[in-house]
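Worksheet: one structure, shown below.
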Amino acid sequence: MKQFKTESKRILDLMINSIYTNKEIFLRELISNASDAIDKLKFISLTDTSVDSDFKITITRDEAARTLTIEDNGIGMTAAELEKNLGTIAESGTLAFKKENAEKNENELIGQFGVGFYSAFMVADKIEVYSRAYGADKAFKWTSAGVEGYTVEETEKEGLGTKVVLTLKADTDDFKYSDFLKEYRISSLVKQYSDYIRYPITMKVTRSERKEGSPDDKPEYEQVEKTETLNSMVPVWKKPKKDVTEQNLNEFYKNEFHDYTDPLKSVYAKIEGSVTYDTLLFFPSRAPFDYYSKDYKKGLKLYCNGVMIMEKCEELLPDYFGFVRGIVDSADLSLNISREILQQDRQVKAIANSIEKKISSELKKMMDEERETYEKLFAEFGLAIKFGVYAGFGMNKDKLKDFLMFYSSKKEKLVSLKEYVDGMLEGQDAIYYASGESYEKIAALPQIEKAKEKGYEILFFKDGVDEFVAKILMDYDGKKFKSVSEADFSIDSDAEKEQLKEKSESLKDLLAEIKNDLGDKVKEVRLTSNLKTYPVCLISGGDISIEMEKVFNSMPNSDGKVKADKILEISAEHKILNTLKTLFETDKEKLKKYALVLYEQARLLEGLALDDAGEFVSALSDII
Ligand code: ADP
């Protein structure tokens, strides 16, 4: 007996003891695996004529033995594949499982992972998988009765493909597993979840039929066993648009992309033009667990006249729309298109362009007409769009800038850049932003107070990439981006400016002394009239802002050496200034300690770690 990998075991355990309300989805999962396997063999059959191309999926019920069997004549699995595919959950899945799921509840977990084959353990206490792979001369059988492990052994099997035999669990007070052995139940589940599957799903059914030769006025009936195809087999995108409901699309999406949640939006389009194709596009309601990792593979499923030729055609989606899932079916493609020629294929390029335009227009429409949906989408995938703006030195920024949203201090929700600019104050010439780790921290920044008091709207930059986005955009509608720490909100008149200058002049020596005390921790120490209640703040004096310093230093491989030039600003109105003045005249040692404490305080307000905790604590306790 072989052991499941530890993490697979945990997921398995979860399935076995599942109280997941939607147990019936196991059937959809097994059927869609069967259909995928047939897709693969069908593709091969285009060039290998020896393959039996009478493709089908067969369901067999055996009430006496309590077994439900799902069989396909697809590509099958070798012994090694049985072991690899059924003995472990995909590597990336286990990784995510380890990291974040200790406290997640079961429904969320099942929802998040799309546990495919393993979902059969929700209804079965024993599973046998017989399989013969294309090109293999032997068949193998994988058996498992749960977490204890599984076995793989040689077996006899006619023909290519896979047969999954489930021995259903015993009925309990809460759940009647034997329902899954009933003809009507299976028929209706197939109709509900798998109707569009392009291969016949057949099952033996009993029908009541008129006895041959029985008289018209006194017809007699008999029970006849027949094999029936349960699904309509028409792919959703081959149906007339008017016959396709949103629910059909959602069902198709969940089936095809192994997601357990409805997409935020489904789009069904038939495009005619320089290239002609049908497409179904889906905006998922949440990012897959590996979305922001290098494991994630974008792409649309590519069909040529109903035959799947590629699982994930990445050429069809730009990176920044990589979250979109869907299918493209075009008769204009060549059936034996390979990965190599795909990249240069004119048709594929034309479809990709057209798809990008379609996605853009759908997003625009969503923003205008279904704002809440767009906000949900942006919460999940906004980062991808931001990276898209930034990537390639901003080559796509103009296409994407109107999809950006940032949190507004004034409206207290996400706003677009256009909305910001439309709401600018009389005479305001810049788009103001403030950066920090979280909205709360940004709202507490000293520099914000004055700006808010003056009625300015401030965009909160919470993601590391935000400032880079602003730098690469440079401006929106002619309005430059400006950090609140660089802006001067307090000074309305030249007289005020003059006053600050005079005060700075008169305190020149004090400021120089503090700069001296702090050494190269700061580039400059100066007075400001930007602050309201806080005594000090730290701003950057160069191209690299403090927030960017944080981002750079948190990148993998960073040596932590990127430093923003920092300016310590002291409030010209704060009473601390008097204390500092007195100390300057009476106790320079103590002034140094004050300088240190104020500097470290300013770092904390910026969300930076203390420069030197030991030095800070000792200076602080000396003062107290
Ligand atoms: P998923 O289908 O999401 O990849 P599953 O756990 O359902 O995850 O299946 C794991 C893998 O096992 C599949 O990717 C496929 O390679 C293989 N597999 C499952 N069922 C079949 C089948 N009926 N025929 C061939 N291969 C299969």
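Order of appearance sets the numbers: ligands from 1, and atoms from 1 within every ligand. If you read the sequence from its start, that first residue is 1, and numbering goes on from there.
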Taking only Lys NZ, Arg NE, NH1 and NH2, and the carboxylate oxygens of Asp or Glu, determine whether [X] and [Y] approach each other closer than 4.0 Å.
| X | Y | answer |
| --- | --- | --- |
| D195 | K239 | yes |
| E63 | K182 | yes |
| D171 | K176 | no |

For N85, counting its heavy atoms only, list the atoms of ligand 1 lying under 4.0 Å from any of them.
-> 10 (C), 11 (C), 12 (O), 16 (O), 17 (C)
Heteroatom proximity flag, [X] to ligand 1, N/O under 3.5 Å:
| X | result |
| --- | --- |
| T162 | yes |
| N33 | yes |
| F117 | yes |

Measure D72 to ligand 1 on non-hydrogen atoms and call it side chain, backbone, both or neither using the 4.0 Å cut-off.
-> side chain
Do E356 and Y320 have a side chain donor and acceptor closer than 3.5 Å?
-> yes
Nearest neighbour of atom 25 (C) of ligand 1 from the list S119, A120, S131, A37, on a heavy-atom basis | A37
Check the angle between the aromatic planes of F282 and Y253 and answer parallel, tilted or perpendicular using the 30° and 60° thresholds.
-> tilted
With a 4.5 Å limit on heavy-atom distance, are the side chains of T143 and E153 in contact?
-> yes
Non-hydrogen atom of E29 closer than 4.0 Å to ligand 1 = no
